[in-house]
Amino acid sequence: MLEYLLWNLKRHGVTDIVLSVGHLSDVIVDHFGDGKHFGLSVRYVQEDSPAGTGGALALCAPLLQERFLFLNGDTMFDFNVLDLALAAARSDALGCLALRKVDDVSRYGEVVLDGMTVRRFAEKQAAQPGLISGGVALLKREIVNRIPAPACSLEKDVFTPLAEAGLLAGKAYGGFFIDIGLPETLDDAQISVPAWQRKPALLLDRDGVLNINHGYVCSPDRFEWTRGAVAAVKAANDAGLLVLVLTNQAGISRGYYTELQFQAFMAWINDQLRAEGAHLDGWYHCPHHPTEGLGDLKTDCDCRKPKPGMVRQAIADWQLDPQRCLLLGDKRSDLQAGEACGVSGALFDPGHDDLLEAVHHFVLPRLLATPKHSNSYS
Ligand SMILES: [Mg+2]
């Protein structure tokens, strides 16, 4: 469960992890170590006697940044975490909870939301639709000053008084949700969580789809989004798709820029997206050219589109189902790379098309047509 939770955080760019551990902590520490093997930095805070969620958070205080994401280890709630970060940044509240819409609040207790403000936590009640806490919150570090005792409940002893004072925000999301707090939901999670992880994906060519192709673009001053690009990536993120970029970068072979410069530039692009609540889950590039270039990079590789190497690699890395992927490219050769792997696609014309419209009218209807994986609590 923790591995799935951390995988989901990592793809959003959240890589600095503090695990609050108690029972069987050695098993968890042995498994994750310092996190490097998982592409993360993982640190641990040991709870020697049960301190409740509030007490556990208090123990973590010295390791927390000014604002941090708080997650329960026994719930999986998949939504656009960066959208919650945006909502929290725009709010004066001390915390912003991710709330899940459910058909039946009776097992959980309802969270009463008024606009963006959490008014109260209702006691367990009749079976009816409403919002529940999804076990994820974006919090300001000063919230630890509101923890009243070394052992207490975050929801009951911290969030409830904050809500009464109007200092707690919330935002509702859909998306996969499961809580493994009951034997039957734990059984359900053994199947539904791995199935959820095989997410539908939007594969994007970069130059001519995400940005205007000015030719060998590798610096912010020559970078220009295509129409609707940032909103399109966010719409795909919000809908629960993976967004992966697949790009031929013969500029590396030709010596126009280096591998490191390319990677730094992609990270810059991702930072621009993240500031708008959007992100790329990953990117793949071909640095080769068959006839031009330097040393080993001059080669007839398997990754330069129309060859399918990058698509194949993306499918392997993310366990993609080709039938639940779509590829947008501005050239036939982009689409050929997808077709070789059973991924269908469409041509995008950066001179005429709007990428957000393409996502709304072409991508989402096709990829979400098969019902999204749901569970008995959705
Ligand atoms: Mg292109």
Side-chain angles (χ1 to χ4, degrees), residues 201-233 235-236 241-259 261-270 272-273 278-293 297-315 320 322 325-341 343-359 361-363:
L202 171 60
L203 311 182
L204 296 174
D205 172 39
R206 198 193 76 178
D207 301 309
V209 176
L210 209 50
N211 56 275
I212 305 286
N213 189 359
H214 292 308
Y216 304 107
V217 175
C218 196
S219 57
D221 58 304
R222 297 185 63 233
F223 183 85
E224 189 183 347
W225 296 108
T226 55
R227 202 142 40 96
V230 176
V233 174
L241 310 184
L242 296 173
V243 182
L244 303 169
V245 164
L246 309 156
T247 176
N248 284 353
Q249 291 293 328
I252 298 174
S253 169
R254 292 171 183 270
Y256 298 158
Y257 40 89
T258 66
E259 182 79 31
Q261 286 169 327
F262 166 78
Q263 291 295 349
F265 184 55
M266 286 306 301
W268 177 86
I269 292 174
N270 210 20
Q272 307 305 301
L273 288 167
H279 78 280
L280 302 174
D281 291 284
W283 52 82
Y284 296 83
H285 74 292
C286 166
H288 308 113
H289 194 279
T291 60
E292 305 294 324
L297 294 176
K298 186 166 110 179
T299 176
D300 191 13
C301 62
D302 182 48
C303 50
R304 183 175 165 82
K305 292 176 284 186
K307 300 272 189 65
M310 288 189 284
V311 182
R312 197 177 290 142
Q313 191 63 48
I315 288 172
L320 303 177
C325 297
L326 278 176
L327 190 151
L328 296 179
D330 66 327
K331 291 186 184 148
R332 269 296 305 157
S333 55
D334 295 314
L335 305 191
Q336 285 166 341
E339 284 157 10
C341 300
V343 172
S344 53
L347 275 180
F348 179 81
D349 177 353
H352 289 93
D353 297 338
D354 180 305
L355 195 57
L356 180 60
E357 275 176 29
V359 166
H361 297 133
F362 175 74
V363 176

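All ligand and atom numbering here is 1-based and tracks the order in the structure. Positions are given from 1 along the sequence.
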Exercise. Taking only residues two or more places apart in sequence, or in another chain, which ones meet Asp221 in a salt bridge (Lys or Arg N to Asp or Glu O under 4.0 Å)?
Worked result: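 By the salt bridge (Lys or Arg N to Asp or Glu O under 4.0 Å) rule, Asp221 matches no residue at all.
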
Problem set entry | Side chain His285, main chain Pro287, donor-acceptor under 3.5 Å |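 A pair under 3.5 Å: no.
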
For this session: Look at the aromatic rings of Phe265 and Trp268 and report parallel, tilted or perpendicular, splitting at 30° and 60°.
Result: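 Phe265 vs Trp268 ring planes: parallel.
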
Exercise. Taking NZ, NE, NH1 and NH2 as the nitrogens, is one of them in Lys305 or Asp334 under 4.0 Å from a carboxylate oxygen of the other?
Worked result: yes

Exercise. By atom name, which N, O or S atom belonging to Asp330 lies closest to the Mg ion (ligand 1)?
Worked result: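 Sorting the N, O and S atoms of Asp330 by distance to the Mg ion (ligand 1) puts OD1 first.
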
Exercise. In Asp207, which N, O or S atom comes closest to the Mg ion (ligand 1)?
Worked result: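 It is O, the N, O or S atom of Asp207 closest to the Mg ion (ligand 1).
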
Exercise. Within the stated cut-off of 2.8 Å, is an N/O/S atom of Asp205 closer than that to the Mg ion (ligand 1)?
Worked result: yes

